Undergrad: 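Starting off with a structure, shown below.
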2 protein chains.
Amino acid sequence: MFPLPQKESRAPTACPGLASAQDLDSNHGDGLERECSRKPERKLPEFSGVGDAPATVPSDSAYLSSRGSVIKWFWDSAEEGYRTYHMDEYDEEKNPSGIINMGTSENKLCFDLLSSRLSQSDMLRVEPSLLQYPDWRGHLFLREEVARFLSFYCKSPAPLKPENVVVLNGCASVFSALATVLCEVGEAFLIPAPYYGAITQHIYLYGGIRLVCVYLDSEATGLDTRPFQLSVEKLEMALQRANSEGVKVKGLILINPQNPLGDVYSPGELRDYLEFAKRHELHVMVDEVYMLSVFEESAGYHSVLSLEGLPDPQRTHVMWAASKDFGMSGLRFGTLYTENRDVATAVASLCRYHGLSGLVQHQMAQLLRDQDWISQVYLPANHARLKAAHTYVAGELRALGIPFLSGGAGFFLWIDLRKAPPTLQYLPEPTFKEEMLLWRRFLDNKVLLSCGKAFECKEPGWFRLVFSDQAHRLCLGMQRVRWVLEGKPQVPEDSPSYQSQEPGGQCR
Amino acid sequence: MFPLPQKESRAPTACPGLASAQDLDSNHGDGLERECSRKPERKLPEFSGVGDAPATVPSDSAYLSSRGSVIKWFWDSAEEGYRTYHMDEYDEEKNPSGIINMGTSENKLCFDLLSSRLSQSDMLRVEPSLLQYPDWRGHLFLREEVARFLSFYCKSPAPLKPENVVVLNGCASVFSALATVLCEVGEAFLIPAPYYGAITQHIYLYGGIRLVCVYLDSEATGLDTRPFQLSVEKLEMALQRANSEGVKVKGLILINPQNPLGDVYSPGELRDYLEFAKRHELHVMVDEVYMLSVFEESAGYHSVLSLEGLPDPQRTHVMWAASKDFGMSGLRFGTLYTENRDVATAVASLCRYHGLSGLVQHQMAQLLRDQDWISQVYLPANHARLKAAHTYVAGELRALGIPFLSGGAGFFLWIDLRKAPPTLQYLPEPTFKEEMLLWRRFLDNKVLLSCGKAFECKEPGWFRLVFSDQAHRLCLGMQRVRWVLEGKPQVPEDSPSYQSQEPGGQCR
C-alpha cells in the first residue's frame, strides 16, 4: 500500500474512526485534534485537487465551494475535542476536576520570565513607521535582528544576512506560503513519519499540496541505530514509490529537533539527507522551531545553518518561530531563512496575507537583540525547568513500566502503550480503533494526550505526552494517566469530592 | 470585448505598458504599484488556473512552481515604483527633495492622537492566555468588542453577535480567505470599476479567483444621476456577458465608501444591488474599511449592517479594518462579519494563516471599547483634519482648473486629467500609454500619484490623489503636481537648491 496520507493512511475504509488527543484542535491549538477526535461515522474527504477523485468531499453547505467545504471540515472535525477540553479546562481553583492538557505542545514553564521581560518599558513603542504599511518581508530592523540571532544561536559559519530573512505570523504560514510557491497543486513533499501532523493542512488548505510519508519503524533493525531511525535508503524507497504512482515529489520536510520523537539529527545524518535531496533536485524545508528547547546538552543538536558548505543552499529553506522556543505560540512570529532570492521574493509576495503588527515586530526585535537576557536569564531557566519536568514525568512512566523515547529536546515524550506490563492493560488489539478508545478513556478521565495516528505513526499504540507544564498540573495529569492504565473507575463528571481524592502529597 | 481583467484589460497586447503610481507597491504599501510601474517590455502573465491558457506565465526561476512565478511576478513588477519611492522618500529635514507620496491611501493626520492613546498603560498587557494558542477566530474578548463597536458605529437595527465575527490580520486576508472558501479556482466576482485594484491579487494569489469588471462611465447619462454611477442594469449586463463567456460568477464585491471615487452608496442603491445579488444567488462581499472616514456628514453614509432586513443575509459578508479608519495599516487588524455559520467556520479554519498576536488583540479590544475616546476625541479631530486637507487640495485643483470627483469620504480625490485647460497640457492622446507617461512625469518631479489604470478605469487620464497628509507635504506635493501640469522643467535629482525653490510662503 502506497503511503499517501490522503487516500490510504487516512481513508475511512482503512480506519473509519480514529481517536486520541493531539495538540488540541483546529479551533484553539495547533491543529492536530482532528486526528484524534474524528467521529467514527464521519467520512473523510477524498481531497480534491491532489490527484484523487473528489468522490467524498463534504458538501453539507450550499454556500461553500468544494474546497471551502474541505477547509470547513478541518475545523468541524476538531469540534469534539475542542468542546470537550475547552468547556472543561482545568483550573486549580475554579475547576480542579477539569481536563489537564498534556496534548498541546506549548511551554507553560516560563510565563513569569516572559511577562517580566515583555512588560518592560522598551516594549511599547508607538511610532508612525510602525503604524504604516510595512515592508511585507518584515521591517528591516527586525530582519537584521533575526539574522544576528540566528547567526549566533545556530552557530552559522558566516553571518546570516537580513535580505535572506522573511518574517511571517508563525510557521504555519511559512509552510503554507513556501509550499505554494514551490509546488503545483497535487505535487508532494516527502516527510518522515511520525511527524507533526498539522503540516498536512498547512500545505494543503491553501496550496493543495500533499505529503508522502517515509514511514519509520519503532524497532531498531539492521543498520538502524535507534527506534524510528530515518535513513537515506528509506527516503530513496519512498521517493521511488511515489514516482511509480505518478506523484510528483518536489521536496523533503525535516523537523529538527524532531516532533514527536524529541530527538535530533546528527550533523552527519543531516548532511546525508541533504545530499539525497540534492541528487534528486528536491527542496528541503527544515523546521527548527525547537532548536533552543534542547534541554540536554548531550543531545548534540546542530542547526542546518551551522553546516559548512550546504550541499544545495538554493534549495535549503529553514524556518524558526517564537512559538516553542519562547513559549509564545500566541505572539504569532515565524521566520524563513533562505539564500534563494526567487523563493524569498515569492514568499514575500504572499506576506501581505501573513503580516504581523509593526508593534509586535518592534517587540520581537527588542527580545531578540537582548542576548544577555536570552543567554543568561531565559535559556538557563527554561532548560532547567524543562529538564526537571522531564525528569518527573520520565520517573512516573518508569514507575509504571511504560517505555518511552526522548532525546533531550522538545516538550514531549513519545510513549509506547502498545504492550502492557503484567498489571496493566493498554491496547487489547494492535489497531487504531483501540488506540482511539484508549485516547477516549484518557479524555473521559480528564487528561488529554495526543495519539500516534495524529502523527501518521504506522504502529497503533504510541502517544505523545507533553511535559512542559507546571508541577501541580503535571502531577495531576500523571495521576489520571495512571488511573486509566490501572483500570481504575472513571472520574464522575461533576464530582464535588474530586479534589479531595488527590491530595497534593500524592504528587511526586 | 469582454471585460475580464486577466486577459483583456490587462493583456499585454491591449496595453503593453501601463504606468502611474498607486498605493505604492507590493513591497511596501497596499499593493497597486504594479499597475502603474509595469515596465512596457514586460509581458503580463496569462494567469493559469483561471480558465485561460497559461501561455505566458513568467518562468524565469528554476526553483518555483508556475504559480510561484506568477506570485513572484506581482512583487517584481512593483520594484520600479518601490525602488524609486523608497530610496528617495521625502523627509522635511533629511531629504527635502525626496518624493512626496500622494499615492498610498494612508491617513497620516492623526499619529499624535493614536500614539498618545496606544501608549497608555492599559495597552501593554502580557498574560499567559495572550501568549498561548488563541481561538483562531480571534479571542472572544475581542470579538465581543468588535460586535459592540460595529453595532454602534454601523447603527445596526439589532445588536451584532460576537459569534458572527472573525478576526484576521487585515482585509487583504479577509478577501483571500473569503474568496477561497466561496469559489472554486477560476470562478469570479463581479466588481464595479474603477475599484481598489489590489483586490485582484488578494483573491487570485492564493485562491485563483478572478474579477469580472462592471465598467462605469464617467459621464452621467440617461438614468444615471452622477459620474461612474453603478446600476442594476449594468450589473445584469456584466453578469450575462460573463455567463455567455462561460465564466462562473459567484458573487459581487461592493466597496462602500467607494475607493477611488470617494463617494457612498445610498441605502436605496445598496438594497437594489443586494436584491440583484439575491435574484442570482450571488454572495456579496461588502468592504467598509472607510466607514468612519466620511468627513462630510452630508454624504449620507449607511453601512450595509444598518439596513433593516437584509435581502439575503446568508450571502452578505461585511469586512472592516483598522487600516483606514484608525490610520493603522501597519497594525494588521481586519474583521469579517457574517451571519452564515458555514462561511464563518470555513474562514476561521484558514485563520491559522492570518492570525494576529494576542498582545495586539488586547490592544485592539482596548481601543474599540474606548467609545468616549473614539467619539469625543479621535473621530471629531480626524474628520476635521480630513476636511481641512480636502478643502486645501480641492482649492488647489480648482485653481488649476482640474475637474475632480469627491463625495466627502475616504482619503482621496479622483481627478480628471483627460483634458487640459487652455494653458495646460495633460494627455496629448487618450491612451493608457500617455497616462503612464504622465504618471512618470509626476514621479520624475518627485510626486507619486495613482493612475486610473490601476483601478481598471476604462478611460485613460484619471488619477487618484491622496490628501490625508500633513499640510507641509500636501503643499509641496501640490506644487509639484502644478509644475508638471504647467510644463515647468523637471527637478534635478540631487538639487541642493531644491528646498529654497519652495518657500513655505508659497504654500496655501
Side-chain angles (χ1 to χ4, degrees), chain A residues 26-31 61 63-66 68 71-72 74-76 104 106 111 114-115 118-119 123-124 126 128 130-136 169-170 172-173 176 181-184 205-206 314 327-332 340 342-343 345-346 348-350 352-360, chain B residues 26-31 61 63-66 68 71-72 74-76 104 106 111 114-115 118-119 123-124 126 128 130-136 169-170 172-173 176 181-184 205-206 314 327-332 340 342-343 345-346 348-350 352-360:
Chain A
S26 304
N27 305 8
H28 206 104
D30 61 357
S61 170
Y63 300 104
L64 300 176
S65 60
S66 63
I71 290 165
K72 175 174 174 282
F74 272 87
W75 181 279
D76 289 338
T104 303
E106 289 192 299
F111 288 136
L114 290 163
S115 278
L118 290 170
S119 299
M123 284 292 165
L124 185 58
V126 184
L130 298 176
L131 297 181
Q132 292 181 260
Y133 282 117
D135 182 328
W136 292 110
N169 63 341
S173 297
S176 177
V181 305
L182 295 179
C183 299
E184 313 296 346
L205 290 194
Y206 262 128
Q314 289 297 307
M328 302 192 298
S329 39
L331 196 88
R332 311 314 302 144
N340 188 310
D342 290 349
V343 173
T345 304
S349 188
L350 287 175
R352 65 180 61 249
Y353 314 108
H354 306 299
L356 59 169
S357 171
L359 304 185
V360 174
Chain B
S26 303
N27 306 8
H28 208 104
D30 61 358
S61 169
Y63 301 103
L64 300 176
S65 60
S66 62
I71 289 165
K72 176 174 173 286
F74 271 88
W75 181 279
D76 287 340
T104 304
E106 291 192 298
F111 288 137
L114 290 163
S115 278
L118 290 171
S119 299
M123 284 292 166
L124 185 57
V126 184
L130 298 177
L131 297 180
Q132 292 181 258
Y133 281 116
D135 183 327
W136 293 110
N169 63 341
S173 296
S176 177
V181 305
L182 296 179
C183 298
E184 314 296 347
L205 289 194
Y206 263 129
Q314 289 296 306
M328 302 192 299
S329 40
L331 196 89
R332 312 314 301 144
N340 188 311
D342 290 349
V343 172
T345 303
S349 188
L350 288 174
R352 65 179 58 248
Y353 314 107
H354 305 300
L356 59 168
S357 172
L359 305 185
V360 174

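As a basis for the values below, the full set of heavy atoms in this structure was taken, side chains included, without hydrogen atoms, waters or symmetry mates. Chain letters run A, B, ... following the sequence lines, proteins first and then strands; every chain starts at 1. Since the model is a prediction, treat every value here as computed from it, not as a measurement.
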Undergrad: Would you please classify the geometry between the A:H354 ring and the B:Y206 ring as parallel, tilted or perpendicular, with 30° and 60° separating the classes?
TA: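 Judged by the thresholds at 30° and 60°, the geometry between B:Y206 and A:H354 is perpendicular.
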Undergrad: Decide yes or no for A:V126 and B:L114: does some side-chain heavy atom of the first lie under 4.5 Å from some side-chain heavy atom of the second?
TA: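 Not in contact.
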Undergrad: For residues A:S65 and B:E184, determine if any side-chain heavy atom of one lies less than 4.5 Å from a side-chain heavy atom of the other.
TA: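 They are in contact (side-chain heavy atoms under 4.5 Å apart), so the answer is yes.
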Undergrad: Between the main-chain N or O of A:F74 and the side-chain N or O of B:S349, is there a donor-acceptor pair closer than 3.5 Å?
TA: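 Side chain of B:S349 to backbone of A:F74, a donor-acceptor pair under 3.5 Å: no, none is there.
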Undergrad: Taking all heavy atoms of B:Q132 and all of A:F111, pick out the closest pair and write down the distance.
TA: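 Where B:Q132 meets A:F111 most closely, the heavy atoms are CG-CZ, 3.6 Å.
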Undergrad: Of the listed residues (A:G327, A:A346, A:G170), which shares the most heavy-atom pairs with chain B below a 4.5 Å separation?
TA: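 The residue among A:G327, A:A346, A:G170 with the greatest pair count is A:A346.
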Undergrad: In terms of heavy-atom proximity below 4.5 Å to chain B, should A:L64 be classed as side chain, backbone, both, or neither?
TA: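 Both parts, backbone and side chain.
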Undergrad: Indicate yes or no for a side-chain donor-acceptor contact from B:N169 to the backbone of A:L356 under 3.5 Å, with no hydrogens or angles considered.
TA: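 Answer holds: no.
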Undergrad: Under a 4.5 Å heavy-atom cut-off, does chain B meet the side chain of A:Y353, its backbone, both or neither?
TA: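 A:Y353 touches chain B through backbone and side-chain heavy atoms alike.
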Undergrad: Hey, are the side chains of B:L331 and A:L359 touching, using non-hydrogen atoms and a 4.5 Å cut-off?
TA: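 Yes; the side chains approach each other to less than 4.5 Å.
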Undergrad: Mind checking the CG-CG spacing from B:L205 to A:L350? Nearest 0.5 Å is all I need.
TA: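 The CG atom of A:L350 is 6.0 Å from CG of B:L205, to the nearest 0.5 Å.
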Undergrad: Taking all non-hydrogen atoms of both residues, which atom of A:E106 and which atom of B:Y133 are closest, and how far apart?
TA: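 Smallest heavy-atom distance, with atoms named: OE2-N, 2.7 Å.
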Undergrad: Quick check for you: among A:L130, A:N340, A:V360, which has the greatest number of heavy-atom pairs under 4.5 Å with chain B?
TA: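 Looking at each option in turn, the highest pair count goes to A:N340.
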Undergrad: Need one label for A:L182: side chain, backbone, both or neither, based on atoms under 4.5 Å from any heavy atom in chain B.
TA: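 For A:L182, the contact with chain B is made by backbone and side chain together.
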Undergrad: Which heavy-atom pair separates B:S173 from A:R352 by the least distance, and what is that distance?
TA: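 Closest pair (atom of B:S173, atom of A:R352, distance): OG-O, 4.1 Å.
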Undergrad: Is it the backbone or the side chain of A:D342 that comes under 4.5 Å from a heavy atom of chain B, or both, or neither?
TA: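 A:D342 touches chain B through backbone and side-chain heavy atoms alike.
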Undergrad: I'd like to verify something: which residue of B:S176, B:S115, B:S329, B:G68 has the highest number of heavy-atom pairs under 4.5 Å with chain A?
TA: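 Among the listed options, the one with the most contacts to chain A is B:S329.
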Undergrad: Can you tell me how far OG1 of B:T345 sits from CG of A:D76, rounded to the nearest 0.5 angstrom?
TA: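 Answer for the CG-OG1 pair, A:D76 versus B:T345, is 6.0 Å.
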